[in-house]
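Order of the sequence lines fixes the chain letters, A, B, ..., with proteins taken first and strands second; residue numbering starts at 1 for each chain. Nothing here was measured: the structure is a model prediction, and the numbers come from that model.
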Amino acid sequence: MLRFYSHLDAHSDVLKLFGEMSQCGVRPDAFVYPILLKSAGKDGRLLHAHLVKLGHCFDRYARNAIMDVYAKHGPVEVARKVFDEMSERSVADWNLMISGYWSWGKRVEACGLFELMQEKNVVTWTTMVTGYSRVKDPVRGRWYFDHMPERNLVSWNAMLSGYSRNGFAEEAVKLFNEMMAAGVQPNETTCVAVIMACSSLGDPCLAESLVKRLNERGVKLNCFVKTALLDMYAKCGSLEKARKVFDELGLYRNSFTWNAMVSAYARTGYLDSAKELFDQMPEKDVVSWNSMIAGYAQNGESICAINLFKEMIRNKDVKPDEVTMMSVISACGHLGALEVGNWTVDTLMQEGIRLSISGYNSLIFMYSKCGSIMDAKRVFEEMETRDVISYNTLITGYAAYGHGNKAVNLIHMMEDEGIKPDRISYIGALTACSHAGLLEEGREVFESIKAPDVDHFACMIDLLGRVGKLDEAKELVDKMPMKPHAGVYGSLLSASRVHKRLDLGEFAANRLFELEPENSGNYVLLSNIYASAGKWEDVERVRGAMRKVGLTKTTGWSWVEYRGKMHKFIVGDRSHDQSESIYTKLAELQKKMRTAGYVADENCVLRDLELEEKEEIVGSHSEKLAIAFALLVSEAGSVIRVVKNLRVCQDCHTAIKVISKMEGREIIVRDNNRFHSFSKGLCSCKDYW
DNA sequence: CTAGGGTTAG
């Protein structure tokens, strides 16, 4: 009866029946243990003592089963102890031990046993192929595949999936063709591996031809294959076909099928469809939650991601893992939500989740985006091993803070550590030099790039423009070996505004009107250049042209975090609960400014009231509203952190300096690409205007 | 009656 349940994979029934058996006082014999241990999972460890007590530990099958439990669920050292205590060992015992070492990533131990082993069989060799694939090294796995004395279908499948799981899609397809040429009849597992390879190639034509070939060969498609197929269609850009497979599977769907469909919608930004399916799922596991949370996080719905995570925590059926935490931590970074971020890190500690390099990288990202660059640096330094993304994240962080030298030093440090800087590293370092006004350092970095691409030129032109070398910047634009993109002219236009170069401003703006006619920011910049030159007719002409194309200023939002909640403002916003007090505070600030003698001048705090026909919402830019709110609710003397989705405008930049001095508060504003730290009437961004 | 290959999340 136990064996009957076991064959059906009805594990809970096996355990229940065993309980009944014990209650009836029936002593289990050695035959029972392999069956029981297979169903018990990691709880099988609890049966170990029991088994020894009853004297079954000399039975070869019982011993093999207990070894299997420790090999799969750890500690693998106990499995080895059982292995060592055996007087004679079967090939199966050796194979199990080698496989156990591989599943704990212990390459040296696995290889050691393999070398010691006398009678190797096809399973032994296949275990080595799979082992190397688990440590992401299918190339070494291929050596064993090539040298094995005999191969069977499982060996081919092991090699094939080793390639496709590790991003060696072309090799997988090639091997599949070799397999067909060798006349090996494929099965469902073969199909899954090849379909996965097509998914990662994202090639719809290859996908189509593969389905055709499978149909021709009359391979029957089980749920595994159908799910892989669904995923392939989704990744090759055909959600409709994916959905069709999903619908056709009907009741044959398993949790993988549901998860694949949810993540297909979530990845592509169809968040409502994803959520609808997510809510309908019969049972949700970690992957279901992770797919949905990642979907929100990657499509700009950071708040939704965090809320869903909170729901997951309340749920208690499912424990979050590293993947969950990475999405949530990244969402906190995008929002600049440090309170929620710190709470997330606490949760991470409580749950005892260990982080891999990518996990640490997400922490570096979050701290740097939340204005805690020191914490970002601390995490970076605490890491035992770092990858190119660790460096790039911190370099990009330094760039946003204007820490030019630190960013350049990191480039050298990564080279010393044997990690090659990539295009992102150089973009970061050049941006950092630009924000810090480090012309010579930036030049040196630019010269060191072997094949600079259009973005590197854009950064260099931005740097030249910012330090006032506009003619040299224009020369570089003309000398570029490739077609300049909008970013190049955008930098030139901004620099022309700061350094009052009407000629270059007009030149850049005209290129931009062609390249990105929908971007209203370019019209605004050009009209501001005319305004500061007193050319009011031109101002009106540009604004008229902008209205004519039907463009309005892009909406700028600012937000602050208070007690774990984001408070969001738009210019002239009156929708906030504490709106009245906020406006009173704002009026009070303005009155203070006036009496302190801050009046309209070139870098004026109050000028735009006259300019912008906004009598009613005087000075109520989103940043100022957010700061006024923070001044009302936050503890005296604490740092105020504001995030804005666009650039901080000139008026606000000047105003916030004054507010920081008058109120004695440090105010950190995060732009769309940099930090402005205001303290005692000064700002960290010396280059800004 | 033991050992090797399969689908989902970043």
Q.
With heavy-atom distances below 4.5 Å as the criterion, would you say the side chains of Lys310(A) and Thr347(A) are in contact?
A. no

Here the distance between atom P of dT7(B) and atom NZ of Lys235(A), to the nearest Å, is 11 Å

Of the candidates dA3(B), dG4(B), dG6(B), the side chain of Thr126(A) sits closest to dG4(B)

Rounded to whole Å, CG of Asn290(A) lies from C1' of dT8(B) at a distance of 10 Å

May I ask you to say what Arg134(A) touches in the nucleic acid, namely base, sugar-phosphate or nothing, with a heavy-atom cut-off under 4.0 Å?
sugar-phosphate

note: Asp321(A), atom CG; dG10(B), atom P; distance rounded to Å ~ 12 Å

**Q.** Step-by-step ring pair (Phe, Tyr, Trp, His ring centres under 6.0 Å) determination, Phe256(A) to Phe224(A)
**A.** CA-CA 8 Å; Phe256(A) 286 75; Phe224(A) 280 67; 7.1 Å; no

**Message:** Walk me through whether Val262(A) and Lys275(A) qualify under side-chain contact (heavy atoms from CB on, under 4.5 Å).
**Reply:** CA-CA 8 Å; Val262(A) 168; Lys275(A) 188 64 179 15; over 6 Å; no

Is it the case that the side chain of Ser238(A) and the backbone of Ala234(A) share a donor-acceptor pair, with hydrogens and angles ignored and the cut-off at 3.5 Å? no

Could you tell me whether Val262(A) contacts a base, only the sugar-phosphate backbone, or nothing, with contacts defined as non-hydrogen atoms closer than 4.0 Å? nothing

For dA9(B) and Arg267(A) - does any side-chain N or O of the residue sit under 4.0 Å from the phosphate oxygens OP1/OP2?
yes

Looking across every strand, which nucleic acid part, if any, lies under 4.0 Å from Thr189(A) by heavy atom: base, sugar-phosphate, or nothing? base

Legend entry - Lys226(A) NZ/CZ over Tyr252(A) ring centroid, <6.0 Å and within 45° of normal: no

Atom CZ of Phe83(A) and atom C1' of dA3(B) are separated, to the nearest Å, by 12 Å

To the nearest angstrom, the CG-P distance between Leu160(A) and dT7(B) comes to 11 Å

Is there a side-chain polar atom (N or O) of Ser161(A) under 4.0 Å from OP1 or OP2 of dG6(B)? yes

Scan Arg3(A) against the nucleic acid and name what it touches under 4.0 Å (heavy atoms): base, sugar-phosphate only, or nothing.
sugar-phosphate

The nucleotide from dG10(B), dT2(B), dG4(B) with an atom nearest the side chain of Ser327(A) is dG10(B)

(request) Output yes if the stacking criterion (under 5.5 Å between centres, under 30° between planes) is met for Tyr61(A) over the base of dT2(B), else no. (result) no

In whole angstroms, the gap separating C1' of dT8(B) from CG of Leu249(A) amounts to 14 Å

* Indicate, with a heavy-atom threshold strictly under 4.0 Å, whether Lys284(A) touches base, sugar-phosphate, or nothing. => nothing

Quick one: label Ser358(A) by what it contacts on the DNA or RNA (base, sugar-phosphate, nothing), any heavy atom closer than 4.0 Å. nothing

Taken to the nearest whole Å, CG/Asn259(A) to C1'/dT8(B) is 5 Å

Is there, by distance only and without an angle test, a donor paired with an acceptor across the side chain of Asp93(A) and the base of dA3(B) below 3.5 Å? no

If you measure from the ring centre of Phe224(A) to the centre of the six-membered ring in the base of dT7(B), is it under 5.5 Å, with the planes under 30° apart? yes

Out of dA3(B), dA9(B), dG10(B), minimum distance to the side chain of Ser291(A) belongs to dA9(B)

Review point. What nucleic acid atoms does Arg165(A) come within less than 4.0 Å of, heavy atoms only: base, sugar-phosphate, or nothing?
Key: sugar-phosphate

Rounded to whole Å, CE of Met179(A) lies from C1' of dG5(B) at a distance of 10 Å

Check whether any side-chain heavy atom of Trp156(A) sits under 4.5 Å from a side-chain heavy atom of Phe145(A), and report yes or no.
yes

- Mind checking Ala65(A) for me? I need base, sugar-phosphate or nothing, with any heavy atom below 4.0 Å counting as a touch. nothing

- Message: Once you apply a heavy-atom cut-off of 4.0 Å, does Asn152(A) come out as touching a base, just sugar-phosphate, or nothing?
- Response: base

Considering only heavy side-chain atoms of Val287(A), the closest of dA3(B), dT2(B), dT8(B) is dT8(B)

Any base atoms under 4.0 Å from Met67(A), or only sugar-phosphate, or nothing? Heavy atoms, all strands. nothing

Thr130(A) has its side chain closest, among dG5(B), dT7(B), dT2(B), to dG5(B)

Testing dT2(B), dG6(B), dA3(B) for proximity to the side chain of Ser90(A), the answer is dT2(B)

Checking dT8(B), dG6(B), dG4(B) against the side chain of Asp231(A) (C-beta onward), the nearest is dT8(B)

Is there a side-chain contact between Leu175(A) and Arg142(A) (heavy atoms, below 4.5 Å)?
yes

